[in-house]
Amino acid sequence: MTDDEIRGIMFDAFAAGTDTTSNTFCFVLYYITHHPEVKEKLLDELRTVFKDDWSRPVTMDDLNKLRYCEAIIKETSRIRPTVSMVSRFGDQVDEVAGYKWPADILFIMYVRGINNNPRYWKDPEKFNPDRFYDPKEIEKQQKFAFTMFGGGVRMCLGRNLAMIEMKILLASLYRKFDVELVDMKAPLNVTTSTVTICQHLDVRMIPKTELC
Ligand code: HEM
């Protein structure tokens, strides 16, 4: 591999892999703090997986068991996707969604619209991680009704890494701390272009004295 190729890969990892994960995680904290019943279920999962050991590193085996953590991350990304648009350039005349399109057209898919479409999601505005946890709910889902990492050959290259990072962070954080919002009434403060950035989120981290 040449130096240029290595530099390019490192650049992609930083450019595509930092704002995305960090902002998604801010949204995860925001939604958990606003849904105490979700926090309780998360803590139950942590108790089941880690028993009374609250400091050992998270293993691959643990990651497979942290299904509710993953469901929280997915439901957060459904209701408030960090990457709000995915684009494709059509270089030839084509037919899409029953319409004929000329060449050199940029198609932009509005991810938030897809993920919150009431045709595919009951009460789409409700934060409910069970949509991605309960096998019956998962079975009901339409294949393309949820996208977090895009799709097809240009799908996010870092998707597995991103999910591993966020699950480890979520489990590690809630094993050792309780997290509160400083202002529960403050709405999410975001700016949106391709990536939705959380401008401001004041949290209070309270060290735990006993497991969960
Ligand atoms: C929560 C975290 C992340 C989200 C929500 C996310 C989302 C996305 C989305 C929606 C795309 C466009 C896919 C498409 O056009 O179909 C993408 C592309 C990409 N992502 Fe991520 N991503 C995340 C984390 C990461 C990480 C950690 C890395 C690398 C370390 C990464 C590397 C990339 C790269 C290289 C592309 C371009 C792929 C291509 O054009 O072939 N992403 N990501």
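Every number for a ligand or one of its atoms is a count from 1 in the order of the listing.
Between F127 and H35, the angle of the ring planes lies from 30° to 60°, which puts this pair in the tilted group.
Within the structure, ligand 1 lacks G152 among the residues with a heavy atom less than 4.0 angstrom away. Residue contacts with ligand 1 do not include T82, since none of its heavy atoms lies under 4.0 Å from the ligand. Note on ligand 1: M163 sits outside its first shell, no heavy atom being nearer than 4.0 Å. Within the 4.0 Å heavy-atom cutoff, R88 counts among the residues contacting ligand 1.
Follow the hydrophobic side-chain contacts under 4.5 Å out from L181 and you reach I79 in the same cluster.
Remark: F89 CZ is packed, more than 12 non-hydrogen atoms of other residues, nucleotides or ligands lying under 6.0 Å away. The local environment of CD in E37 is crowded, with over 12 non-hydrogen atoms from other residues, nucleotides or ligands closer than 6.0 Å.
Cation-pi contact between R67 and Y133: present, with separation from the ring centre below 6.0 Å and deviation from the ring axis of at most 45°. Both cation-pi conditions hold for R175 and F50: the charged atom is under 6.0 angstrom from the six-membered ring centre and inside a 45 degree cone around its axis.
Residue-to-ligand polar distances keep D12 apart from ligand 1: every N/O pair is separated by 3.5 Å or more. Of the N or O atoms in E165, none lie within a sub-3.5 Å distance of an N or O in ligand 1.
When hydrogens are left out, the protein atom nearest atom 17 (C) of ligand 1 is C156 CB, 3.5 Å; that is the closest non-hydrogen contact.
Listed by number with element, the atoms of ligand 1 under 4.0 angstrom from any heavy atom of L161 are 30 (C). Shown in contact with G17 at under 4.0 Å from a heavy atom are these atoms of ligand 1, numbered in order with element: 25 (C), 26 (C), 27 (C), 28 (C). Listed by atom number, the atoms of ligand 1 under 4.0 Å from G150 heavy atoms are 10 (C), 13 (C), 14 (C), 16 (O).
Residue M166 touches ligand 1 through its side chain alone, judged by heavy-atom distances below 4.0 Å.
For atom 7 (C) of ligand 1, a protein heavy-atom neighbour is present inside the 4.0 Å cut-off.
How far CD1 of I72 is from CD of E45: 7.5 Å, rounded to the nearest 0.5 Å.
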